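Everything numeric here is computed off the predicted structure, so don't read it as measured data. Lettering of chains follows the sequences in order, A, B, ..., and the numbering in each one begins at 1.
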Amino acid sequence: MTPDELLRTELARAAAAIGAPEGTTAALERPRDPAHGDWASNLAMTLAKPLGKKPREIAEALVAKLDLAAAGVASTEIAGPGFINFRLAAGARAGGLADILAQGAAFGRSNVGQNERVNVEFVSANPTGPLHVGHGRQAALGDAISALLESAGYSVSREFYYNDAGVQIENLAKSFWVRVAQASGIEAAIPDGGYNGDYIKEIAERFLSESGTPPHPALLAGAEAIAAGERPADAGLFEAMRRFAVAALRAEQDLDLKAFGVQFDVYYLESSLYTDGRVDETVRMLKKAGHTFDEDGALWLRTTDFADDKDRVMRKRDGTYTYFVPDVAYHVTKWQRGFTRAINVQGSDHHGTTARVRAGLQALEIGVPKGYPGYVLHQMVTVMRGGEEVKISKRAGSYVTVRDLIDEVGRDAVRYFFLMRKGDSQLVFDVDLARSQSEENPVYYIQMAHARLSGIFRVGEIDTATITGDGVQWDALAEEAERDLVASLLDYPRLVAGAAEALEPHRVAVYLLETARQVHLWYHKHHVLGEPEAILRARLALAKAARQVLANGLNLLGISAPERM
RNA sequence: GCGCGAGUAGCUCAGCUGGAUAGAGCGUCGGCCUCCGGAGCCGAAGGUCGUGGGUUCGAAUCCCGCCUCGCGCACCA
């Protein structure tokens, strides 16, 4: 147990002893002002109302009940309106470092999740083009959220949902047909709403060389049909092209993800929901539950019964389903596959769908919880280079892809930059800063801290395996910079737990930057090698512990922790 | 118009789920330093937390109104 955990338990015990109501939580925090001690609690203030006494009286009663020695507390004081301030014994303060050294990579992990199965869905791009920066933010976020949940003891499955059915894919197939026709010498134009990026040209070339050139008349007739807003008559050829294009684009996206170091456990195909009958089954169940109605020749779901702001069409007049139905069918599978918790990471431009998906699940009346699935929505990304915004233009077929970014600034920097801001604030990606090898670059700065600490052991020719907390005189860490660094390091488990609960990886990113700053500060002020034995040993332990915490945090974000740079 | 998100130092952003005198980096100004690993270190200036009310011992944080910006408001995903 770290000192604050000990203290927390003691406080809870004391609170119960003076008759605090059940469920009273003892808030314990690190005061901003060091003069207020190492830890402070507002417990007495929160108890003032239920106990009907003055906060300061309660504080005195609490202190009298505390076993200070057990919690490693040297002194207490009651301050301000009723804060209880705790000052730890010098040894107890730094003694927590022994925990870090003993737990190693496990430091910061917990078991609050109790192996609950969580499905984290992210990226889920349509296979209609390369992954762009928005997907990149999502990939970084989804992967980090997954890692956070794993570290909190959840059993996480990372999932990618391919929307490989529906109107967009139809448009892709038509655009592809046109490109194939063009490459075969036929004059044709990409239809409205189609995809005209250069990448489709390249795939069309590949199609021709791998599958041979299709019969000229069929291609021509198909192109004319597309121009008229219809499907090509040769259904077999159209289907073959659709498959080829989708497969090629999926392969491209896989390469993007691989370059980013993101691995999914499950790729779920929307098309499979049709072929295995789940879509029809979902419609049948919704009808059976009695929340559907017919109007204007379409089949509707009365989602307004379940907190949606308007009713939604399920089956269009032309007999095809809206995307909403497979979406519901898909989330039913998540529930049925045993995920009692589901989290969808999406761009905020999708937030309109959240209410209706939940409504659809409620309308089924199969016991899915109300807030299922949970959503983490993130705002847009703008890319800056040379002080100017890089415009994203799908129309011109030139937009910033994830792979462009990774090629230019490296995987670690891309990950950090996508994670350093709160998801719900807009993010400016400064390419020049991300690629700079200076301390202004936060990634470089954090990794440098890790490398510097590693350098101490390398230069001193010290095997880190020999560094443990055994027999270390912790009160040798008496400098202010050391006290601050130690406090930050011991704060790490709480920080990670909070980030996991809130699904906010940026807290880890911000923490790492601050901790790195403290490492640099300490490193510049105080030497390790060549100091007297007691100080040397304590500082080596501190260096190793700091390095461990930095590595653990970076690992959560999917960023490497280099030993030298 | 409705819904969601954002608005905090000159700039970019934190603010640990309601705590004590609101923080960091960059930039600006003043002063040191050249040491295991590369310009670092110390200090200063800089704030009506968009705005007006409310809730309470206490509000950047919770509630209501208003202003500005972004996203959405399809029988597209």
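- Distances were taken from every side-chain heavy atom of A:Glu514 (C-beta onward) to each of B:rA24, B:rU17, B:rC13; the shortest belongs to B:rA24.
- If you check every strand for non-hydrogen atoms under 4.0 Å, A:Glu501 touches nothing.
- At the heavy-atom level, A:His520 lies nowhere under 4.0 Å from the strands shown.
- For A:Arg452, the side-chain atoms get nearest to B:rG38 when compared with the rest of B:rC75, B:rG38, B:rG70.
- Side-chain proximity of A:Asp424 to the nucleotides B:rA20, B:rG5, B:rC75 is greatest for B:rG5.
- For A:Val510, whose side chain is taken as the heavy atoms from C-beta onward, the closest listed nucleotide among B:rG5, B:rA14, B:rA24 is B:rA14.
- Out of B:rG15, B:rC76, B:rC71, the shortest distance to the side chain of A:Lys422 is found at B:rG15.
- In this structure, A:Arg315 reaches neither bases nor backbone, as no heavy-atom distance under 4.0 Å exists between it and the strands shown.
- In this structure, A:Met45 reaches the bases: a heavy-atom distance under 4.0 Å links it to at least one base atom across the strands shown.
- In summary, A:Glu121 and A:Lys334 engage in a salt bridge, as defined by a charged side-chain N under 4.0 Å from a carboxylate O.
- Using a 4.0 Å cut-off between a side-chain N of Lys or Arg and a carboxylate O of Asp or Glu, A:Arg494 and A:Asp491 qualify as a salt bridge.
- No donor-acceptor pair under 3.5 Å is formed between the side chain of A:His450 and the backbone N or O of A:Ile446.
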